[in-house]
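Written out below as structure tokens is the structure these notes cover.
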Amino acid sequence: MSKQSLSAAERINALLDDSSFVEVGAYVEARSTDFNIQKNETPKDGVITGYGVIGDKLVYVYSQDASVLGGAVGEMHAKKIANIYNMAMKVGAPVIGLIDSAGIRLQEATDALNAFGRLYLKQTMASGVIPQITAIFGNCGGGAAIIPAFSDFAFMTSKDSKLFVNSPNSLDGNYAEKLDTAAAAYVSENTSLVDGVFDSEEEVLGEIRELVSILPSNNSEVAFTETSDDLNRVIPDLDGFSSDARAVLQNISDDSLFVEIKKDYAKDMVTGFIKLGGATVGAVANQATDGGDKLTTAGALKAAKFVSFCDSFNIPVLTLTDITGYAASMDEAKTIAPAAAKLCYSFADAVVPKVNLIIGKAYGTAYTVMNSKSLGADMVYAWPGAKIGMMDAEMAVKIMYADEISAADDAKSLISEKTAEYNEIQSSALSAAKRGYVDDIIEPDATRKRLIAAFEMLSSKDETRPFKKHSSL
């Protein structure tokens, strides 16, 4: 049974606006009679389902009850959740799942397996149509672990919540006390499954409320709210944060709002939502302070999935670029190329408004895959000190002028002279702008108002692509 503080019903009440919840399927119980399951009381078959309101937005909710057969998923349990999905897709509203489950209900065997399959099908049909949000408050094991993996966003509490396909003790040479691979800390830092970990259930539910408030309810809506923040607000010394993209995003956003996604995973890449002039914008940024000047496999895949979500739900994308190349290691050598291809594809395939701001260095094809002009960015801006080119200027000079440098009486002066020349001709923001790869060089303190103006200009963007069923990537 769950060790968490709130019951299934209390979680729903804490999530939704006061007195807004309407239950659906309140009298459903298990119908299986195998293994004397009928001797167990199964009120609501272990899951409360219904709908309610967060702010002015309709949402559908299911909350598993671990006091009923451990919250295990059986035929009627899954049928109730599938019914909520059917209703949500018809009206275009998010589905929020509050997970506290022992997994599959063993007493129902193939009926339970079929039920899981039907639930996976509903999640597949809903993907890209309505937002799916999952919070894990107890166990989420076995086949149930696929539910948050299907979701757009998933959250855990730092204590007691567990997410696993195979429990730690079933892994060869491992046990939970040695390495708890199901714990929130491990899952959030080592997998892309979890978007946030919080100390209490109330904090998780509060994060979900904030997320719902800034997202569109479905793929036909646009997320916009009125803002009282000055659209022309000047931000002095913003370039002082050039290596900390997270700080830049917080400074330029309406009222400093920044809802970060997957903060603990792939820290070299920052993803999350900000507000610009009232419009929700998805932000993707290299985080140089956390080693983000090199593109990693995990960072690329994290960003690719986020961009794909934004494109599905009409959310414009802003990229803050500060990258010098690809991460180099034996492990990265196995995976970086396909991961970079996925990131490249996500940016190129997205038809929402796309703006790229180069705040530091932008070198090589690692820059190209970060929403460059050549991939289809609608507007590309650069701060005056940005460097854009094939590689670091001094490194390029040492390669290009290797013979001259080795023969020079004063190699240091020659390198310095040629580096300055290379910077001016090939690596400056100005040289890229002269070639049309940068649309404008903007002052850092004017970043907020320039970005707001760009996204406002692009708000009516309508881009069509050749017909295809889906990518084969």
Side-chain angles (χ1 to χ4, degrees), residues 1-8 11 30 32 35 37 40 42 45-48 62-82 95-124 132-151 153-198 201 204 264-265:
M1 183 179 294
S2 171
K3 300 177 183 178
Q4 302 290 328
S5 59
L6 302 178
S7 68
R11 289 167 184 158
S32 175
F35 303 103
I37 194 175
N40 295 287
T42 58
D45 203 31
V47 63
I48 303 171
Y62 65 90
S63 181
Q64 293 177 316
D65 187 350
S67 69
V68 179
L69 298 179
V73 178
E75 177 193 14
M76 301 307 290
H77 182 117
K79 188 174 182 179
K80 288 179 67 176
I81 298 174
V95 171
I96 302 169
L98 309 181
I99 304 293
D100 192 351
S101 172
I104 196 167
R105 191 173 296 172
L106 297 178
Q107 298 94 328
E108 297 189 23
T110 53
D111 287 335
L113 284 174
N114 183 70
F116 258 121
R118 300 300 295 177
L119 181 53
Y120 299 156
L121 176 62
K122 295 301 178 185
Q123 288 194 272
T124 300
Q132 300 179 68
I133 304 171
T134 299
I136 301 165
F137 294 128
N139 286 321
C140 182
I146 298 176
I147 294 173
F150 260 121
S151 301
F153 305 99
F155 302 94
M156 296 179 74
T157 50
S158 58
K159 298 179 181 178
D160 300 323
S161 64
K162 304 290 183 181
L163 176 58
F164 58 93
V165 174
N166 296 301
S167 67
N169 293 341
S170 71
L171 304 178
D172 188 31
N174 188 60
Y175 47 91
E177 290 75 17
K178 177 182 179 182
L179 177 60
D180 191 350
T181 56
Y186 180 88
V187 175
S188 64
E189 294 171 10
N190 294 279
T191 80
S192 61
L193 288 174
V194 179
D195 293 283
V197 175
F198 298 88
E201 296 189 19
V204 170
D264 296 329
Y265 178 70

(message) Do Thr134 and Phe155 have side chains that approach each other closer than 4.5 Å (heavy atoms only, starting at C-beta)?
(response) no
Side-chain donor/acceptor of Tyr120 to backbone N/O of Gly143, under 3.5 Å
yes
- Task: For Asp160 and Gly138, indicate whether the former's side chain and the latter's backbone hold a donor-acceptor pair under 3.5 Å.
- Result: no
Would a distance-only check, ignoring hydrogens and angles, find a side-chain to backbone donor-acceptor pair under 3.5 Å from Thr191 to Leu193?
yes
task = Please check if the side chain of Glu201 supplies one atom and the backbone of Arg11 the other of a donor-acceptor pair under 3.5 Å.
result = no
Inset, instruction - Using modelled atom types only, decide if a donor and an acceptor are shared between the side chain of Gln64 and the backbone of Ala8 within a distance under 3.5 Å. - result: no
**Asked** With a 4.5 Å heavy-atom cut-off, do Leu171 and Phe164 have their side chains touching?
**Response** no
Sorted by chain and residue number, the salt bridge (Lys or Arg N to Asp or Glu O under 4.0 Å) partners of Lys162 (sequence neighbours excluded) come out as Asp180
Original post:
For the side chain of Asp45 and the backbone of Gly74, is there at least one donor-acceptor N/O pair under 3.5 Å apart?
Top reply: no
Sorted by chain and residue number, the ring pair (Phe, Tyr, Trp, His ring centres under 6.0 Å) partners of Phe198 (sequence neighbours excluded) come out as none
inquiry  = Using a 3.5 Å distance criterion without hydrogens, assess whether the side chain of Lys178 forms a donor-acceptor pair with backbone atoms of Gly173.
reply    = yes
For Asp65, the salt bridge (Lys or Arg N to Asp or Glu O under 4.0 Å) test, sequence neighbours excluded, returns none
Rounding to 0.5 Å, atoms CG (Leu119) and NE2 (His77) come to a distance of 8.5 Å
